[in-house]
Amino acid sequence: MHQINLNVIDSTNVYAKQHSQSFPQGEITCITADEQTAGVGRFQRHWVSPKDVGLYATFYFTLPARTRHLSSLAQIMALSLASVLQHEGLKPEIKWPNDVRLHKKKVSGVLCETQFHADKVEIFLGIGVNVNLDAAMIAHIDQPATSLLLETGKKWAVRDVLKKLQMQFVQDLERFKKEGFTPFHRPFDQLLALKGETVRCFDGKKVWVGICHSLTEDGQLNLLLPDKTIHTVVAGDIL
Ligand code: BTN
């Protein structure tokens, strides 16, 4: 894996999009930063990225133009992190589509961006993990959030978490390339947060209210509506 470690940058995803022409093709480039001044989240949200206490990384790679289920890549990254945390003895869950949570609070988010070309698609798969953020830093986040420090009471080495995540993700990506989302469906469904609870889910157009029921074979969300029918949300967010 090709590594680029930056001290401070606006956003590792923005940097990757600006510089991808110069990255070696045919392998993964992982861009990390100690600090981001304009970290971006999904739906144009800000990602709080203070110096040295978080993991801020963008994985860049290309896939064949016709690759299916690209939206699952962010879910696979979330699952890779969840596996790492499980190996550390924690009990993560995943709030659909790809927020990793501990004790119902968000510890990590994933932002997957793509650029399509005739022969290939470029993937910019960004992940942020709140590693050693303290309570004062977490207070700047506009939703219930936590960090590994707050959950475990000990400091973590950001580099170790990164290394473990890289190793797990490389494995998971290889598997995805061969087998698609199928082998990830069950592990993801087992970690699905809010199962059985009534949720509000925005699909970009409309808010659906229903019981968070299950995951489809390709990672979409099944909601059980009040009229007992299943509605599948392809892309969106649980509010
Ligand atoms: C979300 O939950 O909204 C997604 C957050 C993604 C944050 C990461 S941090 C590294 C990479 N660079 C960015 O600017 N964003 C992603």
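Residue numbers run from 1 in the order of the sequence given. Ligands are counted one by one from 1 in listed order, and the atoms in each one are counted from 1 as well.
Comment: Glu88 engages Lys164 in a salt bridge, judged by a side-chain N to carboxylate O separation of less than 4.0 angstrom. Taking 4.0 Å as the cut-off between side-chain N and carboxylate O, Asp134 and Lys155 do not count as a salt-bridged pair.
When each of Leu192, Leu79, Asp99, Leu215 is checked for a side-chain contact (heavy atoms from CB on, under 4.5 Å) with Ile94, only Leu79 meets the rule.
Between Phe23 and Tyr60, the ring planes lie perpendicular to each other; the angle is over 60°, past the 30° to 60° tilted range.
Sorted by chain then number, the residues whose non-hydrogen atoms approach ligand 1 to under 4.0 Å are Ser11, Thr12, Asn13, Gln36, Gly39, Val40, Gly41, Arg42, Trp47, Tyr56, Ala57, Thr58, Asp99, Lys106, Gly109, Val110, Leu111, Gly126, Ile127, Gly128.
Ring to ring, Phe181 and Phe176 are not that close: their centroids are 6.0 angstrom or more apart.
Side chains of Gln168 and Ser80: a donor-acceptor N/O pair is absent below 3.5 angstrom, by distance only.
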